[in-house]
Asks: 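Quick one: this structure, given as structure tokens, is what I'll be asking you about.
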Amino acid sequence: VDNNMKYQVDGLCGFYTGISSDDKSRPDGTLASSTEDFANSWALNNGVCEEKPKCTALVTNKAFELCDALRFEPFIGCHSTVNPEDVMKLCVDTACNCLSVAADEEECRCNALSHYVSHCLKENPDAPIFDWRIIAKCYKECGPGEIYQDCFNFKCETSCENLHNETVCQETKESCHSGCFCMPGLVRKENDCVKPEVCKDCVCEAFGDPHYITFDQFKYTFNGDCSYIAVQDKNDE
């Protein structure tokens, strides 16, 4: 959509305003308290979503096995910042949910470990853990113009949509996200990192199984089993 559609469309693609903080708006205009609440509010015809299968004992044991790595190198560098025992349940839950949808075991392992590292770096940006992906063999490849960061501590990534609003994507201690981000001097345009002068219209994306990027470049993950409204004309509500 182009800039003329600002304040005109909403749905799973977010309320397109140029500001990502309002992208979890529900149909009634209020902000959802969680990603699940947000996504379910856009279910068609008040559909009741099927509950996901719970982790079996076998899967739970495998999740514990994967997360046990947090007790050893290279994660010892984070132990003084975040006790691995304190976040073990979260790690197991993350790995268990991942394994339950038949995802790749190595991908589930690395995703679960990544949550711990991000939590650690959020509390202590100088924690000696920066080479953990090499040691744990959790390699990440990024696209042209991108670099991988385990703790991106800005409210959002500078994009074509918010390029001219310097107050939107400020650094914050409350945020820490891992992923591929544009190198300094480039901004996000759809899936690419481009020079600011290339910026034009806005795009909302849904890809893979649960991943969404709104018009305002807010990223979230939601596994749903219903039909949802991705975008609608707010004037036709």
Side-chain angles (χ1 to χ4, degrees), residues 1-26 31-32 35 38-39 42 107 110-111 114-115 117-118 121-122 125 130 133 138-224 228-236:
V1 297
D2 59 36
N3 288 331
N4 293 330
M5 295 302 295
K6 278 187 177 180
Y7 302 98
Q8 303 299 313
V9 295
D10 55 5
L12 286 188
C13 287
F15 183 25
Y16 177 34
T17 62
I19 302 174
S20 62
S21 60
D22 60 10
D23 275 357
K24 284 188 178 180
S25 295
R26 294 180 292 199
L31 286 177
T35 298
F38 163 65
W42 291 103
E107 179 181 355
C110 291
N111 284 344
S114 176
H115 282 290
V117 173
S118 294
L121 293 177
K122 179 181 178 181
F130 298 103
R133 287 192 176 276
C138 290
Y139 309 113
K140 282 289 186 180
E141 294 184 4
C142 294
E146 293 180 324
I147 55 175
Y148 194 88
Q149 298 188 44
D150 282 304
C151 186
F152 181 77
N153 58 348
F154 289 83
K155 290 184 177 180
C156 56
E157 187 176 22
T158 303
S159 66
C160 288
E161 289 71 32
N162 58 41
L163 178 61
H164 301 294
N165 190 343
E166 297 181 356
T167 65
V168 175
C169 296
Q170 295 180 335
E171 188 173 4
T172 173
K173 294 181 179 180
E174 299 177 357
S175 176
C176 185
H177 305 287
S178 60
C180 293
F181 299 92
C182 291
M183 294 179 176
L186 301 179
V187 298
R188 179 69 59 183
K189 177 176 169 40
E190 301 180 12
N191 289 331
D192 302 319
C193 292
V194 300
K195 294 182 179 179
E197 55 266 27
V198 178
C199 292
K200 290 183 181 179
D201 294 339
C202 303
V203 175
C204 171
E205 296 182 80
F207 58 96
D209 179 31
H211 309 299
Y212 299 86
I213 304 178
T214 67
F215 291 122
D216 296 325
Q217 296 300 292
F218 176 75
K219 300 177 182 179
Y220 66 96
T221 296
F222 175 75
N223 287 302
Y228 303 90
I229 297 173
V231 62
Q232 69 175 10
D233 187 339
K234 287 186 66 64
N235 295 323
D236 291 335

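Small disclaimer: the values here were computed from a predicted structure and weren't measured. Only this structure's heavy atoms are used, side chains among them; waters, hydrogens and symmetry mates stay out.
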Asks: Sort out for me which residue in Phe218, Tyr16, Phe15 forms a side-chain contact (heavy atoms from CB on, under 4.5 Å) with Asp22.
Replies: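 Per the side-chain contact (heavy atoms from CB on, under 4.5 Å) rule, the option paired with Asp22 is Phe15, out of Phe218, Tyr16, Phe15.
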Asks: I'd like to check the side-chain hydrogen bond (donor to acceptor under 3.5 Å, both in side chains) partners of Gln149; sequence neighbours left out, ordered by chain and number.
Replies: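 Listed in chain order: nothing, the list is empty.
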Asks: Taking the side chain as everything from C-beta on, heavy atoms only, tell me whether Phe38 gets closer than 4.5 Å to Tyr220.
Replies: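 Touching, per the 4.5 Å side-chain cut-off.
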Asks: Roughly how far, to the nearest 0.5 Å, is the NZ atom of Lys122 from the CG atom of Asp150?
Replies: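 Between Asp150 CG and Lys122 NZ, I get 15.0 Å after rounding to 0.5 Å.
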Asks: Does Glu171 CD have over 12 foreign heavy atoms under 6.0 Å away?
Replies: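 Check passes, neighbour count above 12.
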Asks: Closest approach of Cys169 and Thr158, non-hydrogen atoms and distance?
Replies: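 Between these two residues, the closest heavy atoms are SG-N, 4.1 Å.
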Asks: Check salt bridge (Lys or Arg N to Asp or Glu O under 4.0 Å) between Lys219 and all other residues, then give those that pass, not counting sequence neighbours.
Replies: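 Salt bridge (Lys or Arg N to Asp or Glu O under 4.0 Å) check on Lys219 returns Glu157.
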Asks: What's the shortest heavy-atom distance between Lys24 and Thr35, and which atoms?
Replies: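 Here Lys24 and Thr35 meet closest at NZ-OG1, 2.7 Å.
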Asks: Ignoring hydrogens, what is the shortest heavy-atom contact between Tyr148 and Cys180? Give both atom names and the distance.
Replies: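 Smallest heavy-atom distance, with atoms named: CD1-SG, 3.7 Å.
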Asks: If every non-hydrogen atom of Cys176 is compared with every non-hydrogen atom of Ser118, which pair is closest and at what distance?
Replies: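 Closest heavy-atom pair between Cys176 and Ser118: SG-O, 3.1 Å.
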Asks: Parallel under 30°, tilted from 30 to 60°, perpendicular over 60°: which one fits the rings of Phe152 and Phe181?
Replies: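 Parallel: the ring planes of Phe152 and Phe181 meet at under 30°.
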Asks: In Å, rounded to the nearest 0.5 Å, how long is the span from CD of Glu197 to SG of Cys160?
Replies: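 Glu197 atom CD to Cys160 atom SG measures 10.0 Å (nearest 0.5 Å).
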Asks: If you compare all heavy atoms of Glu161 against all heavy atoms of Arg188, which two are closest, and at what distance to 0.1 Å?
Replies: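 Closest approach of Glu161 to Arg188, heavy atoms only: OE1-O, 4.5 Å.
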Asks: Is the shortest heavy-atom distance from the side chain of Lys195 to the side chain of Leu186 under 4.5 Å?
Replies: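 In short, these two side chains touch, coming nearer than 4.5 Å.
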Asks: Please give me the minimum heavy-atom distance between Asn111 and Lys140, naming the atom from each residue.
Replies: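 Asn111 and Lys140 have their closest heavy atoms at OD1-NZ, 4.5 Å.
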Asks: Any side-chain heavy atom of Ser25 sitting closer than 4.5 Å to one from Asp10?
Replies: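 Not in contact.
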Asks: How about Arg133 and Ser114: do any of their side-chain heavy atoms sit closer than 4.5 Å?
Replies: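 SC-SC contact between Arg133 and Ser114 confirmed.
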Asks: Flag the pair Ser159 / Val187 as yes when at least one side-chain heavy-atom distance between them is below 4.5 Å, and no otherwise.
Replies: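 The answer is no, as the side chains (C-beta and beyond) never meet within the 4.5 Å cut-off.
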